[in-house]
Amino acid sequence: MIEPLLKVEGLKKYFPIRKGILSRVSGHVKAVDDVSFYVNKGETLGIVGESGCGKSTTGRMLMRLLEPTEGKVEFNGKELTSISTDDMRKARREIQMVFQDPYASLNPRHTIEKILEEPLIVHGIGDSISRKKKVHDFLEIVGLSSYHAKRYPHQFSGGQRQRIGIARALMTNPKLIIADEPVSALDVSIQAQVLNLMQDLQKEFDLTYIFIAHDLGVVRHISDRVGVMYLGKIVEIAETELLYNKPLHPYTQALLSAVPVPDPDFVREKILITGDIPSPSNPPTGCTFHTRCPHKMDVCTKIIPKLEEVEPGHSVACHLYGEQVQH
Amino acid sequence: MNKKKLWSIALLLMLVLSTFLAACSSDTTGTTDSTDPKDDSKDGEVEESTDPKILVFGRGGDSVYLDPARATDGESFKVTQNIFETLLNFGPQDTTINEGLATEWNTEDGLTYTFTLREGVKFQDGTDFNAEAVVKNFERWSNGTEDQFPYYASMFGGFKGDEGHVIESVTAEGDNTVIFKLKRPQAPFLKNIAMSPFGIASPTAFEKDGDKFTDNPIGTGPFKFVEWKKNETITIEKYTDYWNPELPKLDKVIFQAIPDNSARLTALTTGEIDLADGVNPADSNNVTGNADLQLYERPSMNVGYLGLTNTRPPFDDVRVRQAMNHAIDKQSIIDAFFNGGALIAKNPMPPSISGYNDDIAGYDYDPEKAKELLKEAGLEDGFEMDLWAMPVPRPYMPDGTKVAEVIQKNLADIGIKANIVTYEWATYLEKTKNGEADAFMLGWTGDNGDADNFLYVLLDKDNIGSNNYAYYSNDEVHDILIAAQTEVDEAKRNELYAQAQEIIFAEAPWVPLAHSTPLLAGKVNLLNFLPHPTGSDKLAEVDFK
Amino acid sequence: MSNLAPKQLDGTPQTEKVAGPWLEAWRGFKKSKLAVVGAGIVLFFIIVAFIGPFIAMQGINEQLLSDRLLKPSSTYWLGTDDLGRDILSRIIHGARISLWVGFFSVIGSLVVGSFLGIIAGYYGKWIDTIISRIFDIMLAFPSILLAIAVVSVLGPSLQNALIAIAIINIPNFGRLIRSKVLSIKEEEYITSAKAIGMKDIRILFSHILPNSMSPVIVQGTLAIATAIIEAAALGFLGLGAQAPAPEWGKMLADARVNFINAPWTMFFPGLAIMLTVLGFNLMGDGLRDALDPKMKN
Amino acid sequence: MDYKRGYTFLFLTFCSRIILEYPATFSLHNALDGEVKTMLHYIGKRLWQLVPVLLGMTFVVFMIIRAIPGDPAQVILGQQASESAVKALRTKLGLDDPWYIQYFDYLWGLITGDLGESMRTMNPVSDEIWGYLAATFELSLFAILIAIIVGINAGIISAWFQNSWFDYTAMILALVGVSMPIFWLGLMLQYIFGVEFGLLPTTGREEVRNPVESITNLYVLDTIIQGRYDQLGTVLKHLILPGVALATIPMAIIARMTRSSMLEVMRSDYVRTARSKGQRMFWVVYKHALKNAIIPVLTIIGLQMGMLLGGAILTETIFGWPGVGRYIYEAINFRDYPVIQSGILVVAFIFVMINLVIDVLYSLIDPRIKYD
């Protein structure tokens with residue numbers, strides 16, 4: 001078995017809720033609650049879930065843009081959560097991020113050249129001339145022209161900006177790129193272009209992706225494996241084809257039933273989930289999905305299901321499957 | 001189409017606005033007419049008896065105390081002078097001694113004074129005025145403390161039990177005779193007695209009210225106290241049982257505080273007040289040019305000077321001080337800022353005061369001589385100094401900063417670079433008192449018209465840290481001034497003061513600048529207003545035409 | 001490589017001059033007529049301040065006591081004051097003082113305010129609480145009162161007036177920058193800068209500060225206007241520039257003595273204050289429209 | 001006079017109770033409905049935040065005042081007073097105590113409703129200050145009224161006749177108004193209306209020969225209550241010049257704000273189509289605009305209150321208006337520590353409270369604004 005590039009164990013992020021004038025902590029928002037997974041070198045792990053499920057928080061904790069409350073992140077054999085902030089800063093050379101909003105993630109006052117050169121300067125890579133050359137090279141690589149270097153972000157379209165965002169992530173030759181909904185702000189036609197670009201780049205630079213999205217269709221297109229998150233937990237994680245063809249968790253099933261299918265003759269059973277997402281500050285007991293689950297059992301309200309492998313390459317956290325160890 | 005709409009709206013607005021204004025103005029003019037006390041010409045004689053005669057006296061500040069014994073500031077005395085009376089009075093426009101509550105007074109040896117009191121006088125609260133009341137007043141003062149009765153202490157040398165206290169005893173002999181016994185002769189004793197702070201108060205009232213007496217003052221004067229709106233107005237009204245049934249002529253006097261001189265004169269022009277104290281000399285032409293107004297001159301009893309702190313180099317050198325005296329063009333200053341209404345000062349006291357040494361020539365304006373003197377002092381290249389200019393107009397110096405600017409230029413002509421410095425009045429006084437100024441503008445208005453009140457107070461070494469801001473110290477002058485204090489013989493006393501002035505002239509601790517004539521302005525129909533040199537005006541005789 | 005060739009943005013890529021945010025702002029600014037008029041007035045006073053003293057007819061402190069309080073005439077265009085000094089010359093010299101106070105007090109409060117605001121906004125927590133409370137306290141006082149108090153402590157002079165004005169304006173800038181930093185801090189390009197591995201200090205100076213500048217420039221321009229008025233007010237109360245400096249507020253105060261018989265001594269210095277302030281206000285409005293349209297109203 | 005002191009005491013105890021016992025009172029509010037609850041919570045929170053600010057203010061004011069050179073005892077007694085008299089008074093006024101004792105004395109006094117005694121008049125500041133506050137309040141209210149009436153109307157008309165001569169004139173005037181040094185304006189008004197035409201009184205707030213009998217110390221109200229309409233006329237006349245001087249800047253700002261918010265309203269399709277229907281539309285828009293103008297006006301009152309109070313110092317000095325601004329300014333000149341301290345504190349407190357009230361009003365008028 002190959003050693004995974006990134007291994008996450010028991011990752012948690014609780015935001016305290018403060019109340020009253022004395023700011024007493026009266027509770028916690030469990031944005032990410034005990035998440036574990038791994039990513040192998042060269043693969044793409046998709047993470048999907050509704051907004052607010054904690055997927056972006058997870059992505060940010062991996063780079064320690066947010067400090068995790070608990071848990072371990074092991075990158076390339078190195079534990080990241082315990083190293084100093086300065087070491088972490090340096091480690092970011094290896095892990096880069098592509099952001100959701102191509103309009104907001106580029107400093108409007110800097111030229112493209114400056115934006116792209118900055119990561120190199122920060123990490124002390126090359127001299128001025130070689131850096132400039134690299135900037136121009138990468139502009140070409142992501143499908144822009146080198147004369148664009150002198151322009152400002154607002155002079156580009158959304159798709160072009162996201163290319164710039166990707167180029168910036170690539171500048172330091174990272175191993176892992178965390179793409180946080182990189183295409184959800186773009187038009188559908190542009191989405192495909194950007195996704196293709198990302199796939200091309202993955203091959204060319206031997207990149208590993210964690211691809212965060214709320215759109216199951218997009219994730220399927222690019223991922224090797226997909227994890228589904230609900231209320232701060234991973235409820236199911238499997239190889240892409242397994243997950244899409246044979247979703248096990250009722251939540252995954254519900255999500256997939258909402259995805260339009262290209263084949264008009266194919267009729268999937270529609271599973272409707274009712275009700276709102278419960279508040280993460282006061283999550284339901286037991287299985288957090290039980291309030292909306294069509295297959296709710298008694299046990300679901302009491303015991304938190306564990307994520308267990310029910311078949312090779314397919315894990316699910318649901319009392320419907322397998323023998324749950326009960327304590 | 002739009003144009004049309006616009007016009008109609010504009011018209012409408014103007015209509016509304018003009019009705020509002022019209023309503024407003026007609027309303028107000030109506031009221032002023034009916035309440036205007038002196039506008040009785042059209043109403044005829046019938047109205048005269050019912051229409052109260054009210055005088056509004058605009059002045060620079062509010063009173064501090066209405067108990068004259070506690071007060072030290074001129075604004076307080078302006079009011080108390082009309083509520084209280086003193087045993088002796090100053091003359092209407094000078095500081096000669098006249099009868100007051102006492103009709104006769106005499107002394108044999110300058111140690112025992114006998115006063116015969118006026119009969120049939122009652123305090124405004126009904127208490128009888130008699131010898132007993134006088135004794136009680138003096139007992140009250142002599143048993144007081146510095147912060148209660150500061151003027152008593154400085155005029156009579158302290159309180160009962162103090163070594164310097166001049167008054168041995170005050171006793172009543174019958175109802176109408178009071179006898180003062182002094183420990184040693186005091187030359188200006190009668191003048192002191194006539195000063196405003198020693199107005200006789202009702203013993204019943206001050207025994208009852210104690211410290212609160214100042215909020216409800218009761219004397220024998222022609223007016224009695226009505227109301228005090230702090231920082232705004234003080235109202236006094238006619239005391240109907242005043243011993244002189246002819247007086248006062250006015251029914252009511254309102255003292256209104258308007259700090260700014262120009263604003264006060266404007267208020268006079270618009271008719272808000274009837275009499276304005278402290279008119280800028282520059283504005284005198286506006287007053288004389290206005291048929292509705294008349295200008296008053298307050299007889300001069302002050303001195304405005306440029307003090308040189310005698311302990312600070314280079315002013316510790318008499319030649320430098322003399323050079324300063326020669327350098328300043330007093331005549332131009334007087335022409336420009338006193339509108340000519342002032343005398344050039346050559347002595348530290350005004351000529352109206354007996355003992356004034358007119359033989360002294362004074363330093364003439366002579367920049368060349370000044371330069372020579374500087375050269376003698378080893379300062380031919382000049383020097384740099386701070387010139388302190390007072391921030392507020394005072395009767396003796398209407399516009400301190402402007403005068404300072406002229407002086408600055410005069411000094412520049414002889415090579416002295418003067419930087420003008422101003423502080424707020426409070427800070428200014430404190431810092432100059434501490435001797436922090438090189439040269440400073442200041443002045444003094446006499447309290448009782450005695451030479452001692454100028455020379456001793458301002459230039460004796462005893463008063464360094466007090467009113468001797470120049471830190472001038474000369475033992476010879478000190479001996480002369482102390483001798484003069486107890487010299488009862490007028491001629492001998494004047495001789496002593498003449499000597500002192502000569503020494504002071506030679507030593508030049510100041511640059512005396514001017515004896516100003518403070519100006520007042522009033523309505524043209526105001527009668528019998530006689531401004532007093534001390535600044536405390538009696539208003540009993542004042543009337544409207 | 002990507003088979004999707006990017007669309008050309010325009011036809012002549014190599015020679016095109018690219019408009020940065022500042023250039024665009026300048027274009028926006030030029031469009032506003034009033035703003036240009038304002039800039040013109042300001043420029044006029046700046047020129048007057050610099051070369052005026054050389055062309056002014058009479059020295060500021062040259063006294064001609066024989067020519068006191070003369071009405072405006074062909075010799076003295078704006079008349080003379082009560083020391084016989086030419087009012088026009090003094091106003092020209094006064095421009096320098098007013099602009100000096102305006103610029104430097106604002107720069108002072110801008111520097112200190114920005115520093116405090118950035119620290120409060122970026123680091124947050126107790127530092128923010130303390131700094132914000134101090135700002136609250138300072139803002140709770142009517143500003144001119146605070147200025148009077150400060151000058152009373154330091155002693156009246158032009159420099160101290162400048163310091164007082166700078167102090168009372170600190171919280172305005174501090175708060176502005178703080179709120180700007182708070183909002184910029186949440187921008188994704190800051191997160192992305194962190195993701196790159198950038199240090200805090202670099203993020204502050206290279207990203208946050210430049211992006212908070214435009215409202216600061218607008219506020220700064222408007223603050224110069226206020227500072228000029230405040231300096232004049234202090235001068236008027238006798239707490240600012242001292243004689244014989246031809247500071248406009250001081251000139252006004254001096255003229256009050258001759259309020260009735262020589263109103264022109266009072267009229268022109270006030271007019272000069274108003275015009276300068278108007279210039280800065282117009283310019284500030286124009287800059288606001290050009291730099292930061294959101295700030296309108 | 002003691003009843004006033006009693007009021008001050010009650011008021012301050014009330015405030016301090018709210019502030020100190022706020023956490024307890026908050027639990028009571030749980031029973032109330034959500035909307036009211038959040039608002040009470042918000043008000044409570046703001047009041048609570050005021051505590052350190054107010055404490056800080058007392059300290060700042062206290063320290064600044066001690067740092068001002070000049071001896072109050074000397075000022076009280078005047079230039080002619082002797083040294084020993086000054087010393088005696090210093091001791092009596094407690095000026096010889098160490099500063100921290102003076103500070104805690106002062107704080108303790110505040111808590112018990114004692115604002116100190118004026119060193120100049122020897123009266124309790126809590127007695128004196130009401131009258132001055134009322135005078136300033138009357139003047140500010142009058143100024144704000146002028147500003148609102150003229151400003152809003154000018155703004156609406158300007159917007160309606162956009163680019164007309166009226167619009168240009170009004171907006172240029174507004175720009176000039178914003179840039180006006182009001183002390184200069186005050187003097188010019190005095191010169192024109194007082195000296196040149198002799199139309200309007202230039203100092204004080206009443207005819208001293210015919211003084212208003214004070215009940216509330218708001219003279220307009222007092223004269224109406226007493227039916228003295230003759231006096232009402234003089235009182236209004238006295239208000240005009242200082243009122244106009246003080247109103248100028250807020251008036252200009254309100255006019256500009258109203259105009260731009262009006263222009264936005266007029267850009268809506270509803271108005272654009274309806275505009276062609278003629279004059280009646282003007283009044284419809286007028287009403288609509290008036291409603292919309294309330295928020296900017298509130299903003300102005302909130303923002304300008306400090307400026308009004310500050311401007312009041314200059315305006316009151318120039319026009320001899322017996323308001324709190326002049327009261328404090330004169331107190332500074334006289335080194336009347338208790339008056340400066342308490343005066344500034346009271347003004348700042350009012351200023352802070354007004355801002356609180358305005359913030360609350362905001363949310364009542366515009367439900368889109370949420371409390372933090």
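Letters go in sequence order (proteins before strands), and every chain restarts at 1.
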*asked:* With chain C as the partner, which of D101(A), N107(A), T172(A) has the greatest number of non-hydrogen pairs under 4.5 Å?
replied: N107(A)
_Spacing of CD belonging to E118(A) relative to CD1 belonging to I203(C), to within rounding of 0.5 Å_ = 9.0 Å
_Please report the interatomic distance CG(L106(A)) to CD(E188(C)), rounded to the nearest 0.5 Å._
9.5 Å
*Would you check if Y189(C) and P153(A) make a side-chain contact, meaning some heavy-atom pair closer than 4.5 Å?*
no
_Could you measure the distance from the CG atom of L66(A) to the OG1 atom of T191(C)? Nearest 0.5 Å is fine._
9.0 Å
*To the nearest 0.5 Å, tell me how far R89(A) CZ sits from I196(C) CD1.*
12.0 Å
*Gap between atom CD of Q96(A) and atom OG of S192(C) - 0.5 Å precision*: 9.5 Å
*Residue, of E187(C), M198(C), M213(C), that accumulates the most heavy atom pairs under 4.5 Å with chain A*: M198(C)
*Verify the neighbour count for atom CZ of F103(C): are there more than 12 heavy atoms of other residues, nucleotides or ligands below 6.0 Å?*
yes
*Under a 4.5 Å heavy-atom cut-off, does chain C meet the side chain of I121(A), its backbone, both or neither?*
side chain
*Which of R168(A), K90(A), M97(A), R93(A) touches chain C most, by non-hydrogen pairs under 4.5 Å*: R168(A)
*Could you walk me through whether S214(C) and R109(A) pass the side chain to side chain contact (heavy atoms under 4.5 Å, CB included) test, one step at a time?*
CA-CA 11 Å; S214(C) 45; R109(A) 296 203 170 265; 3.8 Å; yes
*asked:* I'd like to check the salt bridge (Lys or Arg N to Asp or Glu O under 4.0 Å) partners of E113(A); sequence neighbours left out, ordered by chain and number.
replied: K150(A)
*asked:* Can you confirm whether F104(C) is buried at CZ, in the sense that more than 12 heavy atoms of other residues, nucleotides or ligands lie under 6.0 Å from that atom?
replied: no
*When rounded to the nearest 0.5 angstrom, what is the spacing between NE2 in H207(C) and CD1 in I115(A)?*
8.0 Å
